[in-house]
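The next block holds one structure in the form of structure tokens; read it before the comments.
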Amino acid sequence: MAKTALQFQHNGRDVAIFVDGGTNLLVALRELIGDMTPKFGCGQGGCGACSILIDGELHLSCLTLAETVAGRSVETLDGIKEGPNLHPLQRAFADNFAAQCGYCTPGMLMAAKALLDRNPQPSRAAVVEAISGNICRCTGYEPIINAVLAAASGGRARA
Amino acid sequence: MLELRKDIFADERDDNLKEIGKGTQRQDMLGHVTGTSTYFDDHKLQGMLHLKVVRSTHAHARLRRIDTSEAERSAGVRRIIRGSDVPRNLNTLLSLINFGKDDEPSLAVDKVRYKGEPIVAIVADSPREAYEAMAKVRIDYEPLPAVLDVEDALKPGAPVVNDTYPKNAFIYHDVYDHQKLRFGDVERGLAAADHVLEQRYQMSPIEHAPTETNGSIAAPDTNGRYIVYTSTQALFFSLDTCAKILDVPSNTFHFIGGTVGGGFGGKVDTLTEPLSILGAMLTGRPVRYLFGREEEMQYGPPRGAERIYIKDGVMRDGRIVARKIRAYFDSGAYTRLSSYAAVKCAAHLPGPYTIPNVYGDVYCVFTNRTPATAMRGFGVTAMDFAIECQMDKLAHLVGMDPMEFRILNAYRDGDMKAHRREAKNTALIECVQVAAEKAKWPIREEFKRASSRKEGGGSRAAIPPTPRESYAPATAPSQQRTTYDRAPATSREPPSPPPPPPPRPLAPSHGAARFSSVFGTRRR
Amino acid sequence: MSVTVRTFTSTGEAAAVLSSDRSARYLGGGTLVMRALNEGDISISTIVRASDHALTRIDATGSRIIIGAGVTFARILAERDLGFLHAAARSIGGPAVRNMGTVGGNLFASIPYGDFTVALLALDAVVSVQGGLGSRDMPIEEFLQTRERQTGTLVLSVSFQKPASADAFRYRKIARIKPKGGAVITLAAHLPVSSGRIAGARIALGSMAPTQIRARAAERALEGRTLDAATISAATAAAVEGIAPADNALASGWYRREVVGVHLRRLLSGQE
Amino acid sequence: MTRHRGRGIASINYPIGMNLGGDPSQALVHSNPSGKFTVALSSIDLGQGMKSVTRQICAETLGVPVEDVYVDTADSDTGPHCMGSFASRGTHRVGNAVMMAAREARGVMMEAAAEELEVNAADLETDGRGNIHVKGAPHRSISTKDVAIAAQFKQGKTISGRGIFLVPLSDVDPETGEMSPATCYAHACLVAEVEVDDETGEVAMVRMDSAYELGRALNPRLVEQQLVGGAWMGISHALYETPEPYYPDPSHGPRDFVEYLMPGPGDICPHDIAVLERPAADGPFGAKGPGEMCANPVLPAVANAIFNAVGVRINELPITPERVLRAIKAQGGARPQARR
């Protein structure tokens, strides 16, 4: 199969890979780069487990043709820690017990990050909207919403 | 918001503990929020192949011919697996605990019994190449009449779904096509009741919908063993099932799992492991078999549908004096775990209440749909829906507050349950009282004072005289005397009582070592 | 046969491949084509992309609005001049899908998708398509009726007259799941008013037929009248006339017929 | 248009562990040379918190801080047999197995400590902070680390333990159904408040209040996760979910998360929970299991609340807007019941 060369920034580092025609970005990240943080949940755009940021915007890696990120910046959960320290959202998710099986968590965190990057003090309704493309089957969403609100208010508890 | 009510039952507990009772952070939380928790699909293996399954397009059909010749020549195909390649191509999950007969092939050979049943597995270099080869598999079906309704399936002359159970029902104790529960004289109880209420309830199938779909990766390991990364909810259950189907010693396998993206009961059936291991055996390469989402939703096993008829007798003062239940579990085309659920359901009757006359018949029925399996609340969820809706109606009927009605009928310590064991450690009354308090739902003082630890036992501890089965229970005409007698407005078909199965004599004991008499039919 | 990706700078070259290669699909935002590939649709073996900037242009300054086919819903939401379309754009997917999905792609999305197209149908949009032999404009209704064939063309843009007032265009998606759910029914109404009376009413419905359709009887009930209770009641009563919605996973045809009038009444009268 | 509010209740119990028993689980506990412990299981953590709850059980039983214990799940070469993670058996069955293994390991640890301190093991106790000392004489103390070093390098002892828990399999009488299905039961009562739109049949959740009795909340945060998430699933089962919307007609099965309906983050409602603890005689520290029963009361409570709101009884799940609307139309309109 003919392969296409592809270069992009992955969590701030330049990477170069060869992809088969039609390869989606989720497969490229997981199988060719070895970043296992985005998850396969449906391949249909319905669950958000594969959510990543492309040039700072939330995208679904399973519906992204890998070649379309050439020269662009791709950020995954693997890149949001601040050195050895957790990102405030990661800490808030932990503090609020906002993960059970953990499978939706990478996508949820990226959706939440996309929100807070643009709107650091969101309303509850804005948080609900921001995670609405992400399915969680365990938590009932309430702890996740609380975690995002807590991260937004700098860790202070919010009603 | 969660509040611990340490004040209640405090005298029964020693709370002098150091680690227990603390809201300690989860051991896996850091892994979850950093995305480093390792699920089965997070293992990258060199030269991994991909397995996809060709599924039946018919709910019920004879397979006249399966032609894979063109698919075998398709680019990137490493191996086509057919039923004849599976060493022991017939299994039932609970054979591991010696319950039930082998009734389900890994890959269908002569017949398909539900839409989506696996027929051929394709192992290819890439998913795309597997899909291309799938399109080249030619299957010649001879469609057969299908049966999709549990009560239709039990009627004489219904199409036989699963040849292992020609009456379309799991056979209990080698004798009955249902599990019985008999406690007291339900017909006398109903006859003596001030009101009788019979209702029909129907629960839909439900999909587990874990965010991670079912799947596994199998790879040849050292010493001729195979390493298997899996999403299973039950590691040795899956391992032993694979050992049986593939006819190898169980220590051939090294199963690794333990971190799973949600299960809820949908990852017990060991659907992918036997084929991914067989693929690895036949190709000598790592093989991955992962369900797509549509596959998971339509052909991954659901919580089975249940149809339930309840007939209750209640006195004007609110005491329930008789409860008669007939329930049908829709097992789909094969047994999987539904046979077990029916027994659990029978044990659950009549709910957490002390009722002197209880009668239950619970059926596990085969239909031409995706086989059902366990799910959170297995065997109980639908029955609780039916019983608790019924409780609300009975309270309404006798003009009682529904909370007080439940406290009045609640089981208490020392009461005899319908499965003939004494109730202990009960706490239904306290739950009702606290829920009422939280919801600011007023209940009268005498009900606030009630306790699970008081006024149970005594005459409530007795096992009432129970007629033997020769006391043929009258099924019609029913003694409908209430406003609920009409068929529910939303039901698609009117309730029709199925013919009661003819009582048959007990089979003679065959002297085999008995694990439990619940085994419908022993594996020999 | 593996998948080939072909990227062109001109829409003409892209359209030429789409019209000559039956296995070619236009990528657009990827939400339809990549899903199909992920799910094993082997009828697609060529993915076509075009980088022409015209495809992502929005011209909302004049009275005639032009939206390039490659414009995403997130961009519509960022465009103040398109405020009347924000409810429709926000009703598509979650944030990630809105960053990816395009106006052009939505024209091809089948039930239960394709909500934005309901809005375009109410706005009497014109769809500009480029085929192998050149480009042409067609009314959106013609496009929808021939949609199967249009996969061999490249949609360039949609254009429509801007509603005269914020009140003249209304949109509502009835979904069971909030805030992001598939449509039970999607409703859009364009109610231009001339001398106090409705002139040229267009009511569009999604999920009430195999493609998005107009509720012509309801439109007739509105035409030439003022939007008062009697008119709304007449339009509501006519909502299902000639319409036979089908069952799907989200709702039955019976249910859709029963409630479409209720939702139309609420939309027209501004009720929650 | 009218929207009607109503409240409904349901109360339930739930058997803990596989019906009829016969479902063993095993655990192995061992210390490394510096007194840190590993629990080896073949049990599965599918989100319910198996790793975390067994870790606390092990730490409590050993008498060491929770940080000194890690749990390894599901490796068939290192973890001993477990029936599996289902039937609300994890906390109860696996927890008991871990307790038994930890008790045995603790026994060796105390013997080794006794040898070092030159006292009788029966006179020793743990402080839960990593030390073992003579009862009533805290200064005569040795750290678990030093005990482990001594056991390993001086005394030649392995600080380890084996555990199994098995509820013996019960027979079932074919004629009466007499059996011993479970050794303990959890309990719950839940009040649901809903709002019903009588023109569309749509049902919205307003709030829930509940009381759950679970034996003992070994970790209240994990219990809260189960109860909050489980109640959400109960709402989902009650009002939304089905892979066969026209059952028993199998057509129109959903293929994705748009067609398979589950409540979104905008459909949830406040839920106030009380947890009661009546310890089970055979539960680890009295614990039962919250995992499965938590969804069950929601389904009937919602159905009963709908009756209270508009006077219709829906006997089929899920309670779709269509079913509610058909019932309202069949009775000639909404009939709100006495407000409670």
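Note that the structure is a prediction, hence the values are computed from the model and not measured.
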Full working for ring pair (Phe, Tyr, Trp, His ring centres under 6.0 Å) between D/F307 and B/H396: CA-CA 11 Å; D/F307 172 74; B/H396 191 72; 4.9 Å; yes

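Between B/E12 atom CD and D/E277 atom CD the span is 11.5 Å, to the nearest 0.5 Å. A distance of 9.5 Å separates OG of B/S452 from CG of D/L276, quoted to the nearest 0.5 Å. Taken from CZ in B/R468 to OG1 in D/T176, the straight-line distance is 7.5 Å, to the nearest 0.5 Å.
D/Y185 carries B/K417 over the face of its six-membered ring, with the cationic atom under 6.0 Å from the centre and within 45° of the normal.
The aromatic rings of D/H187 and B/Y411 are tilted relative to each other, their planes meeting at an angle between 30° and 60°.
The existence of a salt bridge linking D/D77 and B/R225 is confirmed by a sub-4.0 Å separation between a basic side-chain nitrogen and an acidic carboxylate oxygen. For the pair D/E178 and B/R421, the salt-bridge criterion is met [side-chain N within less than 4.0 Å of a carboxylate O]. Under a 4.0 Å N-O distance rule, the pair B/D392/D/R313 qualifies as a salt bridge.
Residue D/H271 touches chain B through its backbone alone, counting heavy-atom pairs closer than 4.5 Å. Of the two parts of D/M179, the backbone and the side chain both hold a non-hydrogen atom closer than 4.5 Å to a non-hydrogen atom of chain B. Using a 4.5 Å cut-off between heavy atoms, D/R278 contacts chain B through both its backbone and its side chain. With a 4.5 Å cut-off on non-hydrogen atoms, D/M50 does not touch chain B at all. For a residue to count as touching a neighbouring chain, one of its non-hydrogen atoms must lie under 4.5 Å from one of that chain's; by this rule B/Y353 touches chain D with the side chain only.
If you check the side chains of B/K393 and D/N304, you find no donor sitting under 3.5 Å from an acceptor. Counting only N and O atoms by type, the side chains of D/N296 and B/T381 include a donor and acceptor under 3.5 Å apart.
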